[in-house]
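Worksheet: one structure, shown below.
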Amino acid sequence: MTSMRRRLLVWLLSSVLLGGFAAAAIVFYQARMQSTEFFDYQLRQLALTLRDRDYSVRELAQALRGQQDLDFVIQVWGPDGHLLYGSHPQIEVPAPEGTGFSDAVTSSGRWRVFAIWHRGLTIQVAQHKLAREALALGAALRTLLPFVLVLPLLGLLIWRLVGREVRFLETTARAVASRSPESLEPIAGEAVPDEIRPLVASLNDLLARLGAALSQQRQFIADAAHELRTPLTALRLQLQLAQRARDEVEREKALATLGEGIARATHVVEQLLAMARQDPAAQAVERKPVDLASLVKEVVEAATPIAEQKGLRLTLDSRFQGGDIPGDRVALRALVENLVDNAIRYTDAGSVTVRTYPGLDEAVFEVEDTGPGIPAGERERVFDRFYRASGVAQGESGLGLSIVRRIAERHHGKVELADGTGGRGLVARVRFALSPS
């Protein structure tokens, strides 16, 4: 696991150290160069000072007597090249070859020399290179002292600042860890830095969606428990009646009733499972091209025996030849089956017509029946889970149209309910966009 705190500290401290060392090296080099220039300036000024004094050689010697402890060697040379005066007789510095600055090499080492003419005399001032280097090095090292003191302080400051800023992430992590399915309040973001604010906003959005999904799940479980309680109680009573039957005829009748009850309970469970699969919180299914016309034909062929058993005429009018629609084939089949099953279930006599046809950049699927229909005032409410329109038997689940709408919304579709031909029956129409945005 990579620590962001460690990475920040490594990069920041490394950058500060490298920058500090680079700056120190530059300052050290410049300090040595300036010291060298300053020492040359001293040599020149000392020589000029001696030139500007109106001394004879004897007077000059008397003025400089006792100055052997100076770091400079002062010599006066005559016009004929003879040494007239030397502040340090034991040190031999060769006669100058000209005026100005030059370097001289003697048995005692390298010297920096400055020479100047004055009334036929040559005044030469020399300084040993080692003395100059020692003084320059000391001056340069003194300039590095602030860096030596500041770099540790910068490191400590960076360590404290990184820890302080990372603390916001740790606080946010603790806030997320403290949340539970029963407590999904949003994370406070007032004191959060701007860089972390998008993360907190995304977490709050996730918590809100999770809370909504959990609320829907709790409501669904409560509704499912309520809906299953009645059919399961009826099954238990029907089983008891079959066990208490006094003869074979009464037992057969009780078992037939029990079988019908089992079928209704099975239908309710299947509808509940279908609803759970289409819940918005359910895992998304990969969209693939689905041949709507072929799918509707398969469902109609499978439902034809059931319609004929009730004496209904089930017909298919397929005019949609526009190709495939993007979606989940299993979910779309559940949508078609629910609408066809509802039409057959609630139509006692007459016909059920299933149609597919193209619309304006859409594919339309509709089922029309000649049943009792749904009053206009209830057509929106029938899409609510477990809602039963007036006149519907209590044994029905009230989930079919809710499942249909949920599947249609997941496929960018729209469900409409309208009166059938001549104001009789009901038309359930689903419009699927061929190129959903």
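Note that the numbering runs from 1 along the sequence shown for the chain.
- Residues Ala408 and Leu335 come closest through the heavy atom pair N-CD1, 3.9 Å.
- Taking every heavy atom of both residues into account, Ala303 and Val340 meet most closely at CB-CG1, 3.9 Å.
- Between Ala293 and Phe320, the closest heavy-atom pair is CB-O, 3.7 Å.
- Using a cutoff of 4.0 Å between basic side-chain nitrogens and carboxylate oxygens, Glu298 and Arg333 are scored as salt-bridged.
- Arg251 has a carboxylate O that lies under 4.0 Å from a charged side-chain N of Glu248, or vice versa, which qualifies the two as a salt bridge.
- At least one side-chain heavy atom of Lys129 sits less than 4.5 Å from a side-chain heavy atom of Asp103.
- Within 6.0 Å of the CZ atom in Arg429, the count of heavy atoms belonging to other residues, nucleotides or ligands exceeds 12.
- Put simply, the side chain of Leu401 reaches to within 4.5 Å of the side chain of Asn342, judged on heavy atoms.
- With contacts defined as side-chain heavy-atom distances shorter than 4.5 Å, the pair Thr304/Glu308 qualifies.
- Side-chain N/O atoms of Thr370 and Thr347 include no donor and acceptor closer than 3.5 Å.
- For Leu149, the CG atom counts as densely surrounded, since its 6.0 Å shell holds more than 12 non-hydrogen atoms of other residues, nucleotides or ligands.
- Pairing each heavy atom of Glu362 with each of Val364, the nearest pair is OE2-CG2, 4.1 Å.
- Counting heavy atoms from C-beta on, the side chains of Val430 and Glu366 never come closer than 4.5 Å.
- A salt bridge does not link Asp328 to Arg410: none of the charged nitrogens lies less than 4.0 Å from a carboxylate oxygen.
- Here Glu416 does not pair with Arg405 in a salt bridge; the nearest charged N to carboxylate O distance is not below 4.0 Å.
- For the pair Leu332 and Leu295, the minimum side-chain heavy-atom distance is below 4.5 Å.
- Taking the side chain as every heavy atom from C-beta outward, Leu426 and Val367 never approach each other to under 4.5 Å.
- Using a 4.5 Å cut-off on side-chain heavy atoms (C-beta onward), Val404 and Leu339 make contact.
- When all heavy atoms of Gly420 and Val427 are compared, the closest pair comes out as CA-CG2, 3.6 Å.
- Residues Leu43 and Gln127 are in side-chain contact: their nearest non-hydrogen atoms beyond the backbone lie under 4.5 Å apart.
- The two residues Ile407 and His411 have their closest heavy-atom pair at O-ND1, 2.8 Å.
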Would you check, one step at a time, whether the test ring pair (Phe, Tyr, Trp, His ring centres under 6.0 Å) holds for Phe101 with Phe114?
-> CA-CA 4 Å; Phe101 288 103; Phe114 181 79; 4.7 Å; yes
